[in-house]
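First comes the structure, then the notes that go with it.
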Amino acid sequence: MIQVVDLSFSYTKNKFLENISFEVSEGEIFGFLGPSGAGKSTLQKILTGLIKTYKGRSVVNGIESKDFRNDFYENIGVDFEFPSLYEKLTGRENLEFFGSLYSKKLRNIDEMLEMVGLKNDGDKKVSEYSKGMKSRLNFIKALLHNPGILFLDEPTSGLDPNSSRDMKNIILQEKKTGKTIILTTHNMADAAELCDRVAFIVDGNIKALDSPHNLIMPKGASKISYTYLDGTEKTGECLLSHTSGDKKLQELITSNRVLSIHSSEPTLNDIFMEVTGRVLQ
Amino acid sequence: MTHWKYKRLWISFMQYINQIARDAMLFLSCLAPVLYGLFIKFGIPAAEKFLTGYYSRKEVLVPYFIIFDLFLVVLTPMMFSFASSMVILGEIDDGITKYMSVTPIGRGGYLISRLVFPLIFSLLVSIIVMNVFSLTIISLEMITVLSFLSSVLGFITSMMVVSLSANKVEGMAITKMSGISMIGILLPFFVSARIQYLAMILPSFWMAKYAMEGKITYLILCIMVSVGWILLLLRKFMKKII
Ligand SMILES: Nc1ncnc2c1ncn2[C@@H]1O[C@H](COP(=O)(O)OP(=O)(O)OP(=O)(O)O)[C@@H](O)[C@H]1O
Ligand SMILES: [Mg+2]
């Protein structure tokens with residue numbers, strides 16, 4: 001569905017996006033993860049044909065991004081990082097206007113509003129919406145014409161946990177209908193949950209690319225840590241796969257002296273730090 | 001598909017008209033040419049009657065009637081251009097222009113609906129306004145040409161205002177400043193000889209020369225200067241709207 005080969009681009013004379021290559025297959029959710037300023041939104045702008053002065057190849061649905069014709073956008077849905085809505089119009093009027101630019105049959109506006117909890121706010125002016133409400137409206141605006149490819153730039157940022165949960169469910173629901181989804185996020189947990197594969201982007205380069213599972217597994221194996229009393233409270237640690245080798249632990253278990261025991265898996269966050277040497281956010 | 005192409009442009013243009021109609025200031029500015037038209041159609045001849053009696057001269061203002069007409073012919077496109085600039089700047093603020101580029105209407109279609117359609121619309125309105133309110137008897141042909149030239153001038157002004165201003169407030173200031181370029185209309189009448197050619201970069205200057213003397217050379221120069229301005233502003237303008 002999407003092929004990117006040796007892509008490079010910069011806003012200035014200095015190098016920025018360099019040697020970007022990846023493929024996204026149909027029906028996949030593909031994540032861009034990286035700290036602020038890494039170039040995630042820039043990469044999305046190239047893929048959606050907003051920036052045409054890149055080098056290398058960026059092919060979406062068989063067509064080079066710089067050569068997109070207007071009709072191509074009938075099948076593309078974009079949710080930019082910042083809302084793009086008429087502040088003076090109501091939520092519904094916004095959807096009606098943008099929807100009318102497509103020749104396809106639209107999805108039902110009321111159902112869409114309800115889906116993101118804006119059922120009772122459709123006739124309010126967008127200028128009266130909260131930040132999260134604008135994000136949600138902006139999100140369904142991208143789904144209205146039922147596009148086959150979705151570009152979502154931080155769709156859950158600024159949402160409360162409930163709305164964020166709802167939105168993630170909708171994204172998974174859309175995936176089930178066969179859509180290909182490109183998702184940008186700072187949030188590791190979201191990426192781990194939603195994405196089939198993620199690309200770690202730092203300073204304009206892809207530092208790692210794989211499924212969250214494959215990224216996590218070979219790196220840190222799961223660990224357990226335990227506490228016990230030995231005069232004072234002490235802690236011990238060993239790998240989950242090597243419990244039989246931990247004599248102290250065995251001794252504690254057989255003598256019922258374990259105070260607490262926890263296992264912990266490395267998170268995508270840990271892996272990100274390990275691979276890129278950078279923290280997210 | 002072609003049918004949809006035109007339908008989209010029309011929908012987007014109606015959205016533009018809607019925004020003007022909802023905004024009291026923009027709506028009133030679009031009415032300004034009619035107010036000015038009423039003023040010159042009835043006020044100026046009355047003033048002329050009074051002045052000729054007062055100074056006991058045969059004519060006082062009559063030689064300058066064409067200047068009032070020239071201001072009338074540029075006023076309509078200027079007001080529409082102001083409205084376009086305000087609408088476009090508002091849409092840049094709201095992120096709409098960027099979004100339009102990733103819908104089937106595209107950046108080009110958006111521009112057509114915000115600059116070219118308004119140009120045609122203001123041309124039509126200007127021709128009607130001139131036919132109703134013009135003081136001097138100029139031919140329909142002349143009216144059409146002058147209306148066209150001033151509509152192009154409006155197009156250029158919008159491009160300039162949008163390219164140079166960061167927001168609506170700056171846009172209003174720059175629109176007012178661009179009003180200074182209307183001085184080009186007065187120069188051929190009041191400044192003799194060579195000095196007037198200092199204004200040769202202003203399309204309005206060549207327009208006034210053309211209206212005065214009817215020489216086709218002036219018409220061509222006006223168009224060339226206008227195209228020059230458009231080419232000069234195009235890149236900056238395009239950059240501004242994504
Ligand atoms: N239009 C522009 N002109 C010049 N530089 C820009 C432009 N847009 C972005 N940049 C620069 O490009 C870099 C990457 O920006 P980008 O928006 O792609 O980052 P990002 O990874 O999406 O960050 P965030 O997570 O904060 O959204 C930044 O240094 C930014 O200042
Ligand atoms: Mg971004």
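In what follows, chains are A, B, ... by sequence order, proteins preceding strands, each numbered from 1.
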Requested in this report: Only one of A/Phe151, A/Phe98, A/Phe97 passes ring-ring contact (aromatic ring centres under 6.0 Å, His included) with B/Tyr99; say which it is.
Outcome: A/Phe98
**Report entry** Heavy-atom check, side chain of B/Leu111 versus side chain of B/Val116, under 4.5 Å
**Finding:** no
Requested in this report: State yes or no: are the ring centers of B/Phe117 and B/Tyr16 separated by less than 6.0 Å?
Outcome: no
Query - Side chain, backbone, both or neither of A/Glu81 within contact of chain B (heavy atoms, under 4.5 Å) - result: neither
Requested in this report: Show your working on ring pair (Phe, Tyr, Trp, His ring centres under 6.0 Å) between B/Phe133 and B/Phe68 and close with a plain yes or no.
Outcome: CA-CA 10 Å; B/Phe133 298 115; B/Phe68 291 110; over 10 Å; no
Report task. Below 4.5 Å from any heavy atom of chain B, which atoms of A/Leu85 appear? Answer side chain, backbone, both or neither. Result -> backbone
Query - Options B/Gly109, B/Gly90, B/Ser101, ranked by heavy-atom pairs under 4.5 Å with chain A, top entry - result: B/Ser101
Report task. Against chain A, label B/Asn18 side chain, backbone, both or neither, depending on which of its atoms sit under 4.5 Å from a heavy atom there. Result -> neither
Query raised in the report: If you count heavy-atom pairs under 4.5 Å with chain B, which of A/Tyr86, A/Tyr102, A/Phe80 comes out on top?
Result: A/Tyr86
Query raised in the report: Is NZ or CZ of A/Lys55 both nearer than 6.0 Å to the six-membered ring centre of A/Phe9 and within 45° of the ring axis?
Result: no
Query raised in the report: Relative to chain B, which segment of A/Pro83 carries a heavy atom at a distance below 4.5 Å: side chain, backbone, both, or neither?
Result: backbone
Query raised in the report: So which part of B/Met14 gets closer than 4.5 Å to some heavy atom of chain A, the side chain, the backbone, both or neither?
Result: neither
Report summary line: Highest number of heavy-atom pairs under 4.5 Å with chain A among B/Gly108, B/Ser12, B/Pro104 belongs to B/Pro104
Requested in this report: Please check if the distance between the ring centroids of B/Phe155 and B/Phe80 is under 6.0 Å.
Outcome: no
Report summary line: Per side-chain contact (heavy atoms from CB on, under 4.5 Å), A/Lys175 is matched among A/Asp196, A/Thr180, A/Ile170, A/Leu194 by A/Asp196
Query raised in the report: So what's closer than 4.5 Å to chain B heavy atoms on A/Lys45: side chain, backbone, both or neither?
Result: side chain
Requested in this report: Between chain B and each of A/Ile51, A/Thr48, A/Leu50, A/Val126, count heavy-atom pairs under 4.5 Å; write down the option with the most.
Outcome: A/Leu50
